[in-house]
Number of protein chains: 4
Amino acid sequence: MVRKSNSRLQSAAATPRARRRDRQRDAILHAAAQLFRERGFTDTGMRDIAAAADLSAANLYHYFDGKHDLLFYCQDRALDRMLDAVATARRAAASAPERLRSVLVAHVRTLLDDIEGATAHLQIESLPPALRTAIVRKRDRYERALRRLIADGVRSGELIDMDPALVARAMLGAMNWTVTWFRPEGADTAAAVGDVISRYLVRGVAMRTPATKRQLSVVRRPS
Amino acid sequence: MVRKSNSRLQSAAATPRARRRDRQRDAILHAAAQLFRERGFTDTGMRDIAAAADLSAANLYHYFDGKHDLLFYCQDRALDRMLDAVATARRAAASAPERLRSVLVAHVRTLLDDIEGATAHLQIESLPPALRTAIVRKRDRYERALRRLIADGVRSGELIDMDPALVARAMLGAMNWTVTWFRPEGADTAAAVGDVISRYLVRGVAMRTPATKRQLSVVRRPS
Amino acid sequence: MVRKSNSRLQSAAATPRARRRDRQRDAILHAAAQLFRERGFTDTGMRDIAAAADLSAANLYHYFDGKHDLLFYCQDRALDRMLDAVATARRAAASAPERLRSVLVAHVRTLLDDIEGATAHLQIESLPPALRTAIVRKRDRYERALRRLIADGVRSGELIDMDPALVARAMLGAMNWTVTWFRPEGADTAAAVGDVISRYLVRGVAMRTPATKRQLSVVRRPS
Amino acid sequence: MVRKSNSRLQSAAATPRARRRDRQRDAILHAAAQLFRERGFTDTGMRDIAAAADLSAANLYHYFDGKHDLLFYCQDRALDRMLDAVATARRAAASAPERLRSVLVAHVRTLLDDIEGATAHLQIESLPPALRTAIVRKRDRYERALRRLIADGVRSGELIDMDPALVARAMLGAMNWTVTWFRPEGADTAAAVGDVISRYLVRGVAMRTPATKRQLSVVRRPS
DNA sequence: TATGAATGAGATTTCATTCAT
DNA sequence: TATGAATGAAATCTCATTCAT
């Protein structure tokens, strides 16, 4: 579903040399994202990241320009996945609630999958202005898309009339908050959390019809 | 509505000296909470707080044991207000959705009112173990109360059958997230945000009946 | 034996007002000396001293000019007692070893008696130049007297020919070191320690004659 | 005589990198010990040590865990040398007074040699509990050995019957005190001081026989 | 006399980053 | 590519001392 994400990072990788470099960059980003999520940006040291990625702190600077750069790419990568989800949802011929749900599910999974420890939407204020505007622009693009999805549903009568901006933010908050309490080793899987929470969040704006209700309960067990 | 909160801090204040001290402590906590919320705990310096509260950095230590102590009291105070709201809601003879809503409204207002710049639920991991357990205990008490409010509604048939723990967390996330985007000088008031977001969040679990719907629109303008 | 010590401090104390002031000064010095001895000058805070003397830190400055002043008086008082002992010893018609011993005994007791928690010879380098020279002068006067006592004994043939300066310093070191390990609640009394250590230290330079030997064992149990 | 001391610090030093590192560590310890001895632990700043060792204050933390760690290694190294001296003395077939003297001479030289500015026995109370117990244990081992040396002499009739514990402490005090007055640029060499002071200290407990007397004057030769 | 409030200077330590190898 | 060594800036916190009451 999510294909060429972080394309800026993983170039075609012609030479083995380049491939190795890309693998290292991925490992570093993975370690950084996990630590950023767990302890926060400021409380994560370059040495911590280096240790987690199994190289020296000085060597990190051969792969990234610095700590801010790491945060930037973590967020950038996550936002790319989320935007992909939006594009996919929009192409799918489905009802507004269904489209909305698929986006929300993708959002939660991007955040929680341990493969991609992402930190989108989080810690943006820790970025220096130059990088921040780039991320903010992309984030805003994502939020606008989400808002538009809601607004479209309202217009089509599939969703009730509530301020799309505020509803979108409430959805984002509920989802981003999951990184605070979700534990991979816990009882719930990331997929289950995404499934239930997205159902709840959509239900808050979905126009109630017997049909819709049933529909929702059917979708229950995804992948 | 919320009266006896932070009683540990604001004693009767018999002497003028003690009164002045309490005023200073409040001013400091206020400044600290605002900065913690804006920049995060680690990125807020004692100097910043001192400057905002208009005294020297060293003098902060005359009123509080340290930076952690400041964070502790910010959170403690906010949680007290929220627990008050829960107690009030429970006493009120009303429907489950109504009780739930009044708690959510109080939660948002506690977070956003500029009078009381609070940081409940946020940055708990920045506390040292001793203080953390105290806050975590109180926070868990609050979350349990919220979950029970939901579970009770499910049992009484007023709310649909969804995992109360997860729904509670989704609500908390949506509300806590408001501190990242809400600006007092913006178009919406804190009260308006609390009103709309709580309606949305309750609707996600409310059993749909024409009565309920009307009820909700009526409650509209809270204090 | 030691009479008008610290005469500079305890004036005739005519008025009750003055008497009370003197009592306070004594209490403060006592507390300070004990703490200085236990933790060292730099690691003892004015607040610690204030707490031990049961008054506020600010109030200390009504009785003494500052921390250095406290240290100065502690040392000054102790040196006065020791100089008294030297004078007494010199007046006493006795053998050189006996005179030496009485000085050493007085030295140890001045250091260990809990009534007078003294810190002579210790921490002199912590004093600012102005106060330091005064103390150093007095201390040197004391050390010179001790050296002279030894040199006289050498000249009279009662002590063996060893560098009096070095022997004096060895004696001082052995005695001053007692404050490091002596515990009032321990098995040995301050008097016993002074008795035995002074015997040992004198024996190291005493010319051995059967008479001398017996003499020493007789002096055994002083007050 | 003392060879394998501080083996934990100076490993075989295979690589040139490691060798350089060891040299730096030694330089730092040397500077620290000298300053600790001169001004005391608390009154010596990391900046002072850094300046004396000719590197930045921050870089000290590359070589040692902190100020306490520096003090710990200073003391540990000195105690190792002293314990070495005890072992050597015990192996040597010699009279009790001779064995005792060789230990005392080694002790003084360990303290005074400017090559190894040591601070054993001093400032132990400035260490945090964890490090303190380690040092205290080693120090106690050394003191016990010294006491045993004395007690053995008493039992064999070579030394007079005096409390070995108190005599040992007196010896330690006299020797440790040397660091307060000894100046390398002064008239006496460290060797001369060690020679004379040890003779004095042994004489205080030595059973007097003509033979012993002559023996003692013969041992003279310190390097 | 007595004290809470206040502060400037300075302490140790951390950290992102650069440099030499 | 890789890393130990090195550093300047900044962080929290302590403390002797002064001031207003």
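What you see is a predicted model, and the numbers here were worked out from it, not measured in a lab. In what follows, chains are A, B, ... by sequence order, proteins preceding strands, each numbered from 1.
Counting to the nearest Å, the C1' atom of E/dT7 and the CE atom of B/Met46 are 14 Å from each other. In this entry the distance linking NE2 of C/His68 with C1' of F/dA16 reads 9 Å, nearest Å. As a whole-Å value, the separation of A/His62 NE2 from E/dT18 P is 11 Å. Taking atom CG of C/Leu60 as the reference point, atom P of F/dT18 lies 13 Å away to the nearest angstrom. Atom CG of C/Asp65 and atom C1' of F/dT17 are 12 Å apart (whole Å). Here F/dC13 presents its P atom at 10 Å from CD1 of B/Ile49, a figure rounded to the nearest Å. For the pair D/Leu55 CG and E/dC19 C1', the interatomic distance rounds to 16 Å; values are reported in whole Å. Taking atom NZ on A/Lys67 and atom C1' on E/dT17, their separation rounds to 12 Å, with Å as the unit.
Formation of a donor-acceptor pair under 3.5 Å by the C/Asp48 side chain with backbone atoms of C/Gly45 is found in this model. B/Thr44 places a side-chain N or O within 3.5 Å of a backbone atom of B/Leu35 that can act as its donor or acceptor partner. Without hydrogens or angle criteria, A/Gln24 side chain to A/Tyr63 main chain gives no donor-acceptor distance under 3.5 Å. With hydrogens and angles ignored, the 3.5 Å screen pairs a side-chain donor or acceptor of B/Gln123 with a backbone N or O of B/Phe36.
Taking 4.0 angstrom as the limit, B/Arg21 places none of its side-chain polar atoms (N or O) nearer than this to OP1 or OP2 of E/dG4. Contact between the side-chain N/O atoms of A/Asn59 and the OP1/OP2 oxygens of F/dT1 is not found at any separation under 4.0 Å. Side-chain nitrogen and oxygen atoms of B/Gln24 include at least one within less than 4.0 Å of the OP1 or OP2 phosphate oxygen of E/dA6.
Mapping B/Arg20 and D/Arg17 onto DNA chain E by nearest heavy atom places B/Arg20 at the nucleotide closer to the 5' end. Where D/Arg47 and C/Gly45 each meet DNA chain F at their nearest nucleotide, the meeting point lying more 5' is that of D/Arg47. Heavy-atom nearest nucleotides on DNA chain F were determined for C/Ala58 and for B/Phe41, and the one closer to the 5' end corresponds to B/Phe41. Positionally, the nearest nucleotide of DNA chain E for C/Asp54 lies more toward the 5' end than for the other of D/Gly66 and C/Asp54.
Here the straight-line distance linking atom CD1 of C/Ile49 with atom CG of C/Leu29 works out to 9.5 Å at 0.5 Å rounding.
At a threshold of 4.0 angstrom between heavy atoms, the contacts of B/Thr42 with the nucleic acid are absent.
Using Watson-Crick or G-U wobble geometry with both donor-acceptor distances under 3.5 Å, E/dA20 finds its partner in F/dT3.
Taking the side chain of B/Tyr63 as heavy atoms from C-beta on, and the options F/dT18, E/dA5, E/dA2, the nearest nucleotide is E/dA5.
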